[in-house]
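Below: one structure, written as structure tokens.
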Amino acid sequence: MPAVKIEDLPTVYNAKETEESIYKFWEEHEFFKADAKSPKKPYSIVIPPPNVTGVLHMGHALDETLQDILVRYHRMSGYETLWVPGTDHAGIATQNVVEKQLREQGLSRHDLGRDKFLEKTWEWANAHKSRILDQCKRLGASFDRTRERFTFDEGCSDAVKEVFVRLYEKGLIYKGAYIVNWCPRCQSAISDVETEYETEQGHLWEISYPLKGESGAIIVATTRPETIFGDVAIAVHPDDHKYSELIGKTVVIPLTGREIPIIADEYVDKNFGTGAVKITPAHDPNDFEVGKRHGFEPIWVIDEQGKMKACGEVPSNLHGLDRYEARKQIIGMLEYNHSLLRTREHEHNVGKCQRCGTTIEPLLSEQWFVKMKPLAQEAIKAVKDGRIKFIPERWEKNYLGWMENIRDWCISRQLWWGHQIPAYHNKQTGEMIVAKENPDPAIWEQETDVLDTWFSSGLWPFSTMGWPNTDSEDFKKFYPTTTLVTGFDIIFFWVARMITMGLEFTGKAPFSTVYIHGLIRDEKGQKMSKSKGNTIDPVVIIDKYGCDALRFTMTSLCTYGGQDIKISDERFEYGRNFANKIWNASRFVLMNLEGVDNNDIDFDKLTIADKWILNGLNDVAKEVNSNIENYRIGETAHILYDFFWNSYCDWYVEIAKIQLQDESLKLNTQRVLRYVLDMSLRLLHPIMPHITERVWQLIPQNTDFSAIMLADYPVYSDKLVFKDEAKEMELVFETIKSLRNLRQSFNIPMSLKFDIEIQAVDSEKPIFEAIESYIKRMAKVENITYSAATAPVAKKSATAVVSASKIVVSLENLIDFNAEIARQEKKLGKLQNERKSLEGRMNNPKFVSNAPEDLINQTKGRIEEILVQEDAINELIASLKA
RNA sequence: GGGUGUUUAGCUCAGUUGGUAGAGCGUCUCCCUUACAAGGAGAGGGUCGGGGGUUCAAGUCCCUCAACACCCACCA
């Protein structure tokens with residue numbers, strides 16, 4: 001860093017300038033690069049890879065910040081630290097974006113063909129891959145870009161194939177025809193977790209199916225009349241006597257006249273609708289099961305695009321009609337036919353595609369699945385036996401509940417962008433094999449389906465470390481990773497699958513702690529989304545308030561319970577103001593370091609105030625370490641804010657101004673100022689990396705070091721414990737605050753100095769004498785005199801009762817005696833209330849016998865204290881009234 | 001249908017083994033005191049959602065009710 005004149009530093013912190021140059025400094029020195037050969041203990045994190053389609057949003061900003069805090073903290077605490085960055089190829093999402101671009105040119109992917117389309121998508125991915133990670137640099141992310149990965153890069157793809165083949169060989173991957181969630185827009189199957197349900201107001205239609213060869217009919221209630229052409233039976237409950245006589249009879253499907261049987265199946269709910277259900281195995285998961293039980297062949301009537309199939313079962317006037325248009329027409333036809341008996345309003349849940357919002361069509365289709373049940377066993381055990389810990393703990397329950405009821409995972413997607421399934425079909429015989437490589441492309445043709453994007457992200461913690469090569473240096477040093485930081489919204493999508501796959505393929509849990517934070521919401525608590533227009537762009541916030549301000553503000557809003565975080569633009573003023581405070585306090589200290597040596601603090605020359613601040617710093621160091629270790633990041637921010645602003649700036653720096661005037665104290669005060677600033681900066685560095693780095697390097701004595709980010713993180717030290725002095729300083733604070741309060745009460749301007757008389761009890765007199773200079777300067781006192789604690793209070797004065805002593809301000813012409821009496825009575829009232837409540841306790845024999853001794857002594861002590869003060873105030877009031 | 005979370009000062013929210021409630025913002029007073037007005041000093045403001053219970057003691061533990069939010073399941 002170039003030399004700067006402290007006097008030239010601006011009075012307002014310039015975040016933008018600082019952050020750019022500081023990040024560049026770190027990068028140039030390769031401080032983020034991890035060393036797999038280091039003897040130090042490892043600490044590693046893999047980033048939840050953002051999608052290549054995305055730009056940085058607030059959720060990333062929070063996630064990345066929390067990871068960076070952990071990484072920076074551990075780096076300073078002596079760990080060899082690796083943070084692996086990377087991005088996700090995001091199958092459907094990316095394909096959708098590229099297709100959308102094509103559409104704007106009036107093209108579809110089929111116009112290009114698979115190869116050409118993939119080429120185009122790769123171009124798109126390559127162009128966007130680094131963009132979001134570059135944006136993360138604005139957040140100060142200290143990740144190792146030399147290890148950047150992509151879920152679709154060569155190494156990850158190799159891991160994907162390896163895993164697929166091994167699972168297949170183990171019998172855990174199978175292919176078969178089942179009902180899947182089909183998105184007619186994406187033209188692909190999607191998994192259960194990719195299906196989101198929304199409550200919609202629909203209708204329940206009651207349709208009459210006439211009996212064959214006799215009068216009468218059975219009435220069926222359905223929400224999907226367009227599927228009647230796919231009906232294979234009508235089912236009723238076996239115990240439903242309403243229908244017992246009809247079981248086994250045949251009915252006729254209205255409109256087409258195809259004949260189907262009435263069957264009995266326990267799946268039917270007697271009390272819902274009419275108690276009779278149409279069975280459409282090709283288009284409903286439950287019906288599929290019923291159909292299988294009764295040996296019916298499914299009949300497809302809706303195609304992959306959600307249109308009525310052009311087949312013999314469907315009346316020709318409906319061929320090719322969209323399912324909803326067809327529904328309308330069918331209702332009309334049934335009405336005309338008198339087959340529609342009743343239409344009722346009906347609220348029900350409708351599945352939607354997570355990626356495009358299109359209503360899912362349950363469709364019988366040939367797909368690839370992973371048997372999750374056998375894999376889940378170990379993944380459940382690992383959490384139950386504590387190999388993996390969730391923070392906050394309640395997410396374990398959520399995870400376990402899901403895992404214990406897990407169903408097979410549909411992993412094939414009818415897309416082009418993704419890992420093509422490593423299965424090959426013999427062009428002549430149709431035989432299928434599964435292998436990492438195609439044995440002979442002339443004979444074997446690869447399966448066209450690709451894998452769910454989460455299949456590759458599920459391998460992320462080890463595929464990024466060189467797996468399947470378990471001898472790779474990174475794998476040996478940094479796997480398993482330490483902490484996974486993410487939001488609760490992807491526990492099932494991602495976390496659960498990483499745990500499953502990690503345990504299956506490496507035998508180890510991929511991380512030991514899963515730190516789940518809340519989601520970022522707007523100021524009304526709404527989820528941020530582009531369509532709602534309520535997003536806040538982190539880059540805009542960084543430009544406006546600075547990165548450290550953003551980080552500090554967000555961090556301070558993190559609660560241990562992981563509550564969602566509501567933010568608005570103005571909230572970032574909190575962090576900005578704090579950064580500015582750090583900046584200006586630092587400027588003050590730096591300006592006053594002239595003539596200081598490089599020596600450590602001389603402990604023999606410490607004043608009471610010095611000891612107090614060192615003691616406080618030490619406590620803070622202890623708490624901060626323990627809070628970060630326990631993922632109480634928000635608390636960490638609050639502790640540091642409070643210490644730096646309310647203790648260091650508001651009190652110690654003000655006191656230091658007095659001590660610096662005293663030649664005998666000056667040098668050591670400078671050292672203390674510097675030391676506490678230095679340590680505070682280190683403590684703050686993980687949260688506010690740029691400003692702390694910048695200021696730290698401006699401290700002349702720190703030129704020996706390379707950077708704060710590599711300096712040691714402060715820890716608790718017995719040498720810095722000064723409990724007695726810390727307690728004595730309370731007298732300083734109380735005295736000064738009382739006098740300030742008094743000033744305000746009587747409208748005495750700060751510019752007007754007054755004299756005080758301290759009526760000190762013997763035990764407190766030496767302390768008052770030691771802190772005289774602080775009182776004089778900070779409460780604007782001219783002269784201090786002492787008298788006995790028992791001395792009568794001068795009549796025309798205002799008095800502050802501090803601890804057991806009285807501080808009398810003679811203000812003959814300035815005070816309104818009635819006001820002073822009122823002021824004292826108010827204080828007296830407060831004290832009396834407190835005493836009464838405490839005495840009530842002490843008079844309760846059960847309290848005395850049950851409460852811990854400490855508390856009893858404390859209560860007794862407090863009562864005595866109050867009594868002393870009450871006496872003093874009563875005396876005062878009496879003399880004022882006299 | 002099952003589950004989780006929330007309910008504390010005007011607003012946004014902290015409050016880990018139970019020991020007489022805190023912060024930021026906002027409000028009111030005063031102050032440009034030679035680091036900082038993105039600042040300093042002082043003040044006011046809460047029967048901790050309702051009800052019940054355990055306890056010497058409950059914002060904190062238990063039960064119950066209410067409101068709101070979310071997750072899982074998906075009976076046509």
Side-chain angles (χ1 to χ4, degrees), chain A residues 9 11-13 192 197 204-205 220-224 227 235 267-269 271-280 284-287 346 348-351 392 394-395 397-398 401-402 405 488-489 491-492 518-519 523 525 527 545 549 553 556-557 559-568 570-571 573-574 576-592 630 632 634-635 638 641-642 646 649-650 653-654 657 736-737 740-745 747-751 777-780 833-834 837-838 840-841 844-852 854-855 858-859 862:
Chain A
L9 295 175
T11 58
V12 172
Y13 172 57
D192 294 340
Y197 287 90
L204 195 59
W205 286 283
V220 169
T222 183
T223 54
R224 302 209 56 197
T227 62
Y267 148 74
V268 180
D269 178 351
N271 301 317
F272 186 87
T274 63
V277 168
K278 59 198 247 359
I279 302 298
T280 319
D284 182 278
N286 293 305
D287 292 7
H346 179 62
H348 61 148
N349 288 332
V350 178
R394 74 186 135 93
W395 293 111
K397 209 174 164 183
N398 182 270
W402 189 74
N405 296 299
F488 61 79
D489 51 335
I491 290 178
F492 304 148
L519 264 33
E523 69 258 68
K527 220 169 164 175
Y545 298 104
T553 304
S556 75
L557 296 172
T559 66
Y560 185 64
Q563 293 302 316
D564 287 352
I565 296 167
K566 283 193 241 183
I567 56 165
S568 60
E570 307 80 56
R571 289 201 91 156
E573 288 173 8
Y574 179 63
R576 179 202 58 183
N577 294 353
F578 186 45
N580 199 49
K581 191 72 183 177
I582 295 171
W583 181 251
N584 279 295
S586 303
R587 278 179 56 237
F588 172 81
V589 174
L590 292 168
M591 282 188 275
N592 284 283
N630 291 300
R632 309 182 77 98
E635 190 64 15
H638 295 139
Y641 181 96
D642 178 62
N646 302 124
C649 293
D650 288 349
V653 168
E654 292 307 315
K657 286 176 184 170
I736 292 167
K737 281 188 200 167
R740 284 170 174 169
N741 180 304
L742 189 148
R743 232 177 230 285
Q744 185 90 7
S745 299
N747 287 317
I748 308 163
M750 288 300 273
S751 52
R777 164 87 178 237
M778 295 173 75
K780 304 287 177 198
N833 283 342
E834 190 184 343
S837 147
L838 293 174
R841 273 195 209 182
N844 181 341
K846 286 185 179 172
F847 174 75
V848 181
S849 58
N850 290 332
D854 273 2
L855 184 70
Q858 197 185 309
T859 309
R862 180 64 189 149

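We name chains A, B, ... by the order of the sequence lines, and we start the count at 1 in each one. What you see is a predicted model, and the numbers here were worked out from it, not measured in a lab.
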Considering only the [atom1] atoms, how many Å lie between [N] and [M], rounded to the nearest integer?
N      : M      : atom1 : value
B:rC65 : B:rC71 : C1'   : 23 Å
B:rG45 : B:rA58 : C1'   : 24 Å
B:rU60 : B:rU17 : C1'   : 11 Å

With respect to the side chain of [X], which nucleotide from [options] is positioned closest?
X        : options                : value
A:Tyr560 : B:rG24, B:rA76, B:rG15 : B:rG15
A:Ala851 : B:rG19, B:rU20, B:rA76 : B:rG19
A:Arg571 : B:rU12, B:rA76, B:rG24 : B:rU12
A:Tyr197 : B:rC74, B:rA76, B:rU20 : B:rC74
A:Cys649 : B:rG19, B:rA35, B:rA76 : B:rA35
A:Asn741 : B:rC56, B:rG42, B:rA76 : B:rG42
A:Asn844 : B:rC56, B:rA38, B:rA76 : B:rC56
A:Thr223 : B:rA76, B:rG19, B:rG42 : B:rA76
A:Arg841 : B:rA43, B:rU20, B:rA38 : B:rU20
A:Arg394 : B:rA35, B:rG42, B:rU4  : B:rU4

Passing candidate, ring pair (Phe, Tyr, Trp, His ring centres under 6.0 Å) with A:Phe578, options A:Tyr641, A:Trp583, A:Tyr545: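 Filter result, single survivor: A:Tyr641.
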
Nucleotide opposite [N] in a Watson-Crick or G-U pair, distances under 3.5 Å:
N      : result
B:rA58 : none
B:rG46 : none
B:rC74 : none
B:rA67 : B:rU6

Please tell me if the side chains of A:Asp564 and A:Phe488 come closer than 4.5 Å, counting only heavy atoms from C-beta onward.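 Touching, per the 4.5 Å side-chain cut-off.
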
For a side chain to side chain contact (heavy atoms under 4.5 Å, CB included) with A:Met778, tell me which candidate from A:Glu654, A:Lys737, A:Lys657 qualifies.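 So, applying the side chain to side chain contact (heavy atoms under 4.5 Å, CB included) to A:Met778 and each of A:Glu654, A:Lys737, A:Lys657, only A:Glu654 qualifies.
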
In whole angstroms, how far is the [atom2] atom of [N] from the [atom1] atom of [X]?
X        : N      : atom1 : atom2 : value
A:Lys846 : B:rU55 : NZ    : C1'   : 9 Å
A:Met778 : B:rC31 : CE    : P     : 20 Å
A:Leu557 : B:rA23 : CG    : P     : 17 Å
A:Phe588 : B:rG39 : CZ    : P     : 18 Å
A:Tyr574 : B:rG26 : OH    : P     : 13 Å
A:Ile565 : B:rA14 : CD1   : P     : 10 Å
A:His348 : B:rA73 : NE2   : P     : 18 Å
A:Phe488 : B:rC72 : CZ    : P     : 10 Å

Would you indicate, yes or no, if [N] has its OP1 or OP2 atom less than 4.0 angstrom from a side-chain nitrogen or oxygen of [X]?
X        : N      : answer
A:Asn850 : B:rU55 : no
A:Gln563 : B:rC13 : no
A:Asn577 : B:rC36 : no
A:His346 : B:rA76 : yes
A:Lys397 : B:rU4  : yes

Taking atom types as modelled, find out whether [X] and [Y] have a side-chain donor-acceptor pair closer than 3.5 angstrom.
X        : Y        : answer
A:Asn844 : A:Arg841 : no
A:Ser837 : A:Asn833 : no
A:Lys566 : A:Ser568 : no

Between A:Ser751 and A:Lys780, is a side-chain hydrogen bond (donor to acceptor under 3.5 Å, both in side chains) present by the stated rule, with each step listed? CA-CA 8 Å; A:Ser751 52; A:Lys780 304 287 177 198; over 6 Å; no

For [X], report the nucleic acid contact type (base, sugar-phosphate, nothing); a contact means any heavy atom under 4.0 Å.
X        : result
A:Lys737 : sugar-phosphate
A:Asp269 : base
A:Lys566 : sugar-phosphate
A:Leu838 : base
A:Pro285 : nothing
A:Val12  : base
A:Phe492 : sugar-phosphate
A:Asn405 : nothing
A:Thr559 : sugar-phosphate
A:Val220 : nothing

Aromatic centroids of A:Phe272 and A:His346 separated by under 6.0 Å: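 Yes, the ring centres sit under 6.0 Å apart.
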
Determine whether a donor-acceptor pair (one donor, one acceptor, N or O, separation below 3.5 Å) exists between the side chain of [X] and the base of [N].
X        : N      : answer
A:Lys657 : B:rA35 : yes
A:Asn349 : B:rC74 : yes
A:Arg576 : B:rA38 : yes
A:Glu654 : B:rA35 : yes

Residue met sooner reading RNA chain B from 5', once A:Lys527 and A:Ser837 are mapped to nucleotides: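 Comparing both residues, the 5'-ward one is A:Ser837.
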
Quick check on RNA chain B: between A:Glu573 and A:Phe578, whose nearest nucleotide comes earlier from the 5' end?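 Result: A:Glu573.
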
Nearest 0.5 Å please: distance from the CZ atom of A:Arg587 over to the CD1 atom of A:Ile582.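 CD1 of A:Ile582 is found 14.5 Å from CZ of A:Arg587.
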
